[in-house]
Amino acid sequence: MNIIIVGDGKVGYTLAEYLSKDGHDVTIVDKNEQALAKARDTLDVMCVLGNGANVRSLLEAGVENSDIVIAATTNDELNMVCCLAAKQLGAKYTIARIRDPEYTEGLTMLQKKLDIDQVINPERATAQEISRLLRFPFAINIESFAHGRVEMVEFRADPSDPILNIPLSKLHGHYPRVQFTAVQRDGQAIIPDGSFEIHAGDRVYASGDREAVTDFFKNMGKNVNRVRSAILVGGGHISFYLAKIIAGMGIRLTIIEIKPDKCVRLADQLDGVTVICADGTDQEVLDSENLRQTGALICLTDRDEENLITGMYGVRQGVRKVVVKVNRLKANDLIENMGIDSVVSPKLTTANVILRSVRARSQSQSSVIEKVYGMLNGAVEAYEFTALEGADYLNIPLSRLHIKKGVLVSVLVRERKNIIPFGSDHIEAGDTVILTAKAGTVVNLEDAFARTETKR
């Protein structure tokens, strides 16, 4: 597809990197010559110097022949005008990054009037991600698939866990409704097979329906009780959205914000939330708010360094769940060594959501891609496909299909029923198929199989 990305910041660059690797023709439009020079030198993309809302710049980028235009600058209004202009000039599909809560209430009408096909709100998506983490405090990441019927939960294997040093083929007998889909050990991402054994310290993804996953962690002795109180440091858009999302979850929420005007606005807009005007990165302030007794500390200031230092203090004080926001997309490995497992990045969340949308429009004749989810710092991806009639991998036992190395058929959903597949199971037309694979291995479902050959 021909894709135009307006904005060459961290989001735009990340999108261009992945989409060009997927084989798309990508053009970046930006006013910053230095940013474009980096993209030109390191990526297989075209670059146009100019304003993305300017008709001349869009025409130079080939907007009239574009399949998708993605407006990903930091300016909401510029993104909206860009999408409006692109659609008028012939773009088939437009995606706008819009962050301000003031636009949220009238977003449906706004999309319709401006003819924007999809709106991405990074802060709201990040708030949703954090709200899921509050359900399983021990989890590093949680993602849902198949309209919530399948959950993937990332956790760290502890020395006392009963699943250690047992081949997965035997573990499946104890936990038949759970699939172990990906593992990270010593910085290496692994798609496990039946002979693989989980070791203490591994980061592991367990997949299954909500009940099965909850029972699995209960049996392992993990505390599955959700968080009942949380302190949010920073009163920006994410804090606002998170407070709205968890309003009905029975969580006592305290927001600490240093700017008085933000405090007044949050106090007026949020019911049942305690808003404190103070420096939330000050350890004395946190101690005065009984940090040690709180269930979660969520660090959401605009400075990575402050979030990390505050998060590390929360870890030292024994807070059950610590979540930090970072803007540097490559910092996860470093942060992991600090004892902080749960890291969120609005920029990376935005890139992931847009990538899913673009890939969903790149449909093959035998499958439709519904979702793509980056795992283990992007080394592994989980894919949700719908299998279509006529595909030549249908109705063949998985044991007879040539499944590529580094690919795992994790879960099948058939008529609202989850199936943890074994060699005798097969894929039927209409099934939701969830795969995990090394990043870049799969674009369409048929890529996972040698479709014309089966094992004898």
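Hydrogens, waters and symmetry mates play no part in the numbers below; they use all other heavy atoms, side chains included. Keep in mind that this is a model prediction, so the values were computed, not measured.
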Next item on the list: Output yes when a side-chain donor or acceptor of Asp67 lies under 3.5 Å from a complementary backbone atom of Asn2, and no otherwise.
Entry: yes

Notebook entry, point to check: Is the shortest distance from a Lys or Arg side-chain nitrogen in Asp76 or Arg97 to a carboxylate oxygen in the other one below 4.0 Å?
Noted result: no

Note to self: What I want to find out is whether Arg132 reaches Glu143 closely enough, with some N-O distance under 4.0 Å, to be called a salt bridge.
What the structure shows: yes

Notebook entry, point to check: Do the ring planes of His172 and Phe422 sit parallel (below 30°), tilted (30 to 60°) or perpendicular (above 60°)?
Noted result: perpendicular

Margin query: Closer than 3.5 angstrom, by distance alone: can the side chain of Asp158 be matched with the main-chain N or O of Ser160 as a donor-acceptor pair?
Written below: no

Notebook entry, point to check: Passes side chain to side chain donor-acceptor pair (under 3.5 Å), Gln118 versus Tyr93? Steps please.
Noted result: CA-CA 8 Å; Gln118 185 176 356; Tyr93 193 86; 3.2 Å; yes

Check: Using 4.0 Å as the upper bound for N to carboxylate O, is an ion pair formed by Lys21 and Glu17?
Finding: yes

Notebook entry, point to check: Do Arg40 and Glu33 meet the salt-bridge criterion of a basic N to acidic O distance under 4.0 Å?
Noted result: yes

Notebook entry, point to check: Would you call Arg135 and Glu151 a salt bridge, taking side-chain N to carboxylate O under 4.0 Å as the test?
Noted result: yes

Next item on the list: Apply side chain to side chain contact (heavy atoms under 4.5 Å, CB included) to Leu114 and list each qualifying residue two or more places apart in sequence or on a separate chain.
Entry: Met80, Leu84, Leu110, Ile116

Notebook entry, point to check: Is there side-chain contact between Thr349 and Val344, with heavy atoms separated by less than 4.5 Å?
Noted result: no

Item checked: Side-chain (Thr94) to main-chain (Cys83) donor-acceptor, under 3.5 angstrom -> no

Checklist line | Ala437 backbone acceptor or donor facing Thr441 side chain under 3.5 Å | finding: no

Checklist line | Charged N-O contact under 4.0 Å between Lys92 and Asp117 | finding: no

Note to self: Treating Asn307 as the side-chain partner and Lys325 as the backbone partner, does any N or O pair qualify as donor plus acceptor under 3.5 Å?
What the structure shows: yes

Item checked: Arg177/Asp209 ion pair, N-O < 4.0 Å -> yes

Next item on the list: Determine, step by step, whether Ile198 and Leu168 satisfy the side chain to side chain contact (heavy atoms under 4.5 Å, CB included) criterion, reporting the C-alpha distance in whole Å, the side-chain angles of both residues, the deciding distance to 0.1 Å, and the verdict.
Entry: CA-CA 8 Å; Ile198 297 170; Leu168 294 188; 4.0 Å; yes

Margin query: Is the distance between the ring centroids of Phe217 and Phe138 under 6.0 Å?
Written below: yes

Next item on the list: State whether the number of non-hydrogen atoms from other residues, nucleotides or ligands found under 6.0 Å of Asp186 atom CG is greater than 12.
Entry: no

Check: Do Arg414 and Asp431 sit within salt-bridge range, that is, some charged N less than 4.0 Å from a carboxylate O?
Finding: yes

Next item on the list: Answer yes or no: is there a side-chain heavy-atom contact under 4.5 Å between Thr27 and Val45?
Entry: no

Next item on the list: Determine the interplanar angle of the Phe449 and Tyr393 rings, folded into 0 to 90°, and report it as parallel if under 30°, tilted if 30 to 60°, perpendicular if over 60°.
Entry: tilted

Item checked: Under 3.5 Å donor-acceptor, Ser66 side chain and Gly62 backbone -> no

Item checked: Side-chain donor or acceptor of His24 paired with backbone N/O of Met1 under 3.5 Å -> yes

